[in-house]
Amino acid sequence: MLIPKKLKHRKQHRGSRAGKALKGSQIAFGRYGLKALGSGWFSSREIEAARRAITRYMQRAGQVWIRIFPDKPVTASAAESPMGSGKGALDHFVAVIKPGRIIFEIDGVPEEVAREALRLGMHKLSVKTKIVKREG
């Protein structure tokens, strides 16, 4: 799974998910891509599950690019801990997703294979997405 090698700060605020994605909203590497239509957090487990579904359907032909990285630490308090007992310990990492962000890109396979692979990967993600094709 994807996790950062080191962190500047171990615990982070939740932050804002408002607005649209400015960077990473155009297909840069492949021919087909998966674009987010909503905002949310993708855990490293979600990203890995989608990547495995995509590569398995493509039978390891072509190439897949993961355009997001889970670099935001999320904490979780212990069960039945009282209010005011501080922030919990680090639990997992997430990638912040805004509408318009390209999540995966594919190239080197026919269009039907790419569309079906991305459709299978789409079902593993918690945010609504659509398949896009590079113009030109």
Side-chain angles (χ1 to χ4, degrees):
M1 283 193 295
L2 300 169
I3 58 167
K5 284 182 184 158
K6 63 187 255 187
L7 293 169
K8 186 168 185 180
H9 302 289
R10 200 163 46 92
K11 296 176 181 178
Q12 229 179 64
H13 290 293
R14 291 177 65 87
S16 171
R17 300 181 212 183
K20 292 183 178 152
L22 297 174
K23 65 178 190 175
S25 58
Q26 301 292 322
I27 295 180
F29 304 104
R31 186 183 273 151
Y32 307 99
L34 202 56
K35 188 177 223 173
L37 297 177
S39 61
W41 286 351
F42 284 167
S43 69
S44 52
R45 287 172 179 260
E46 269 181 84
I47 297 166
E48 179 64 13
R51 184 199 64 79
R52 287 176 72 169
I54 291 167
T55 52
R56 185 170 290 146
Y57 185 80
M58 289 170 44
Q59 297 177 344
R60 293 178 53 206
Q63 193 169 2
V64 178
W65 288 270
I66 305 171
R67 294 284 308 274
I68 55 175
F69 187 80
D71 57 353
K72 183 181 188 68
V74 175
T75 60
S77 299
E80 300 181 15
S81 61
M83 294 286 280
S85 61
K87 199 169 170 78
L90 196 141
D91 188 45
H92 62 279
F93 289 91
V94 295
V96 179
I97 302 299
K98 293 186 175 183
R101 180 73 194 222
I102 301 290
I103 302 158
F104 290 101
E105 290 186 26
I106 288 180
D107 202 358
V109 290
E111 185 171 355
E112 311 83 57
V113 175
R115 284 191 177 276
E116 182 60 20
L118 289 172
R119 189 189 68 79
L120 291 170
M122 204 188 288
H123 293 301
K124 305 288 183 188
L125 303 173
S126 58
V127 172
K128 193 173 181 184
T129 56
K130 72 174 181 179
I131 298 166
V132 291
K133 186 178 177 181
R134 180 188 272 195
E135 299 298 321

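The minimum heavy-atom distance between Ser25 and Leu22, with the atom names listed, is OG-O, 3.3 Å. Nearest heavy atom pair, residue Ser44 against residue Pro70, reads CB-CG, 3.8 Å. Of all heavy-atom pairs between Val74 and Val94, the closest is CG2-CG2, 3.6 Å. When every heavy atom of Ser77 is checked against every heavy atom of Gly86, the shortest pair comes out as OG-O, 4.4 Å. Smallest separation of non-hydrogen atoms from Lys11 and Thr75: CG-CG2, 3.9 Å.
With side-chain heavy atoms closer than 4.5 Å counting as contact, directly or through intermediates, the hydrophobic cluster containing Ile131 also holds Leu2, Tyr32, Leu34, Phe42, Ile47, Ile54, Tyr57, Met58, Val64, Ile66, Ile68, Phe69, Ile97, Ile103, Phe104, Ile106, Val109, Val113, Leu118, Leu120, Met122, Leu125, Val127.
Annotation: Arg134, atom CZ; neighbour count of heavy atoms from other residues, nucleotides and ligands within 6.0 Å is above 12. Atom NZ of Lys20 has 12 or fewer neighbouring heavy atoms from other residues, nucleotides or ligands inside a 6.0 Å radius.
Taking the charged nitrogens against the carboxylate oxygens, Lys133 and Glu111 do have a contact shorter than 4.0 Å, which makes a salt bridge. Using a cutoff of 4.0 Å between basic side-chain nitrogens and carboxylate oxygens, Glu48 and Arg51 are scored as salt-bridged.
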May I have the step-by-step check of salt bridge (charged side-chain N to carboxylate O under 4.0 Å, His left out) for Glu46 and Lys124, ending in yes or no? CA-CA 6 Å; Glu46 269 181 84; Lys124 305 288 183 188; over 6 Å; no
* Verdict with reasoning, Ile27 to Val132, per side-chain contact (heavy atoms from CB on, under 4.5 Å) -> CA-CA 8 Å; Ile27 295 180; Val132 291; 3.6 Å; yes
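Between Arg17 and Arg14, some side-chain heavy-atom pair lies under the 4.5 Å cut-off. Side-chain contact between Arg119 and His123: present, with at least one pair of heavy atoms (C-beta onward) separated by less than 4.5 Å. Looking at heavy atoms from C-beta onward, Leu90 lies in side-chain contact with Arg10 at the 4.5 angstrom threshold. Phe93 places none of its side-chain heavy atoms less than 4.5 Å from the side chain of Ser43.
In this structure, the side chain of Gln12 does not engage the main chain of Pro73 through any donor-acceptor pair within 3.5 Å. Formation of a donor-acceptor pair under 3.5 Å by the Arg31 side chain with backbone atoms of Glu105 is not found in this model. Proximity of a side-chain donor or acceptor of Lys72 to a complementary backbone N or O of His13 within less than 3.5 Å is detected.
Taking NZ from Lys98 and OG from Ser39, the interatomic distance works out to 8.5 Å, rounded to the nearest 0.5 Å. Atom-to-atom distance recorded for Met1:CE and Arg45:CZ is 4.5 Å, nearest 0.5 angstrom. One distance of note links CZ of Arg101 with CD of Gln26; it measures 12.0 Å at 0.5 Å rounding.
Residues satisfying the side-chain hydrogen bond (donor to acceptor under 3.5 Å, both in side chains) test with His9, not counting sequence neighbours, are none.
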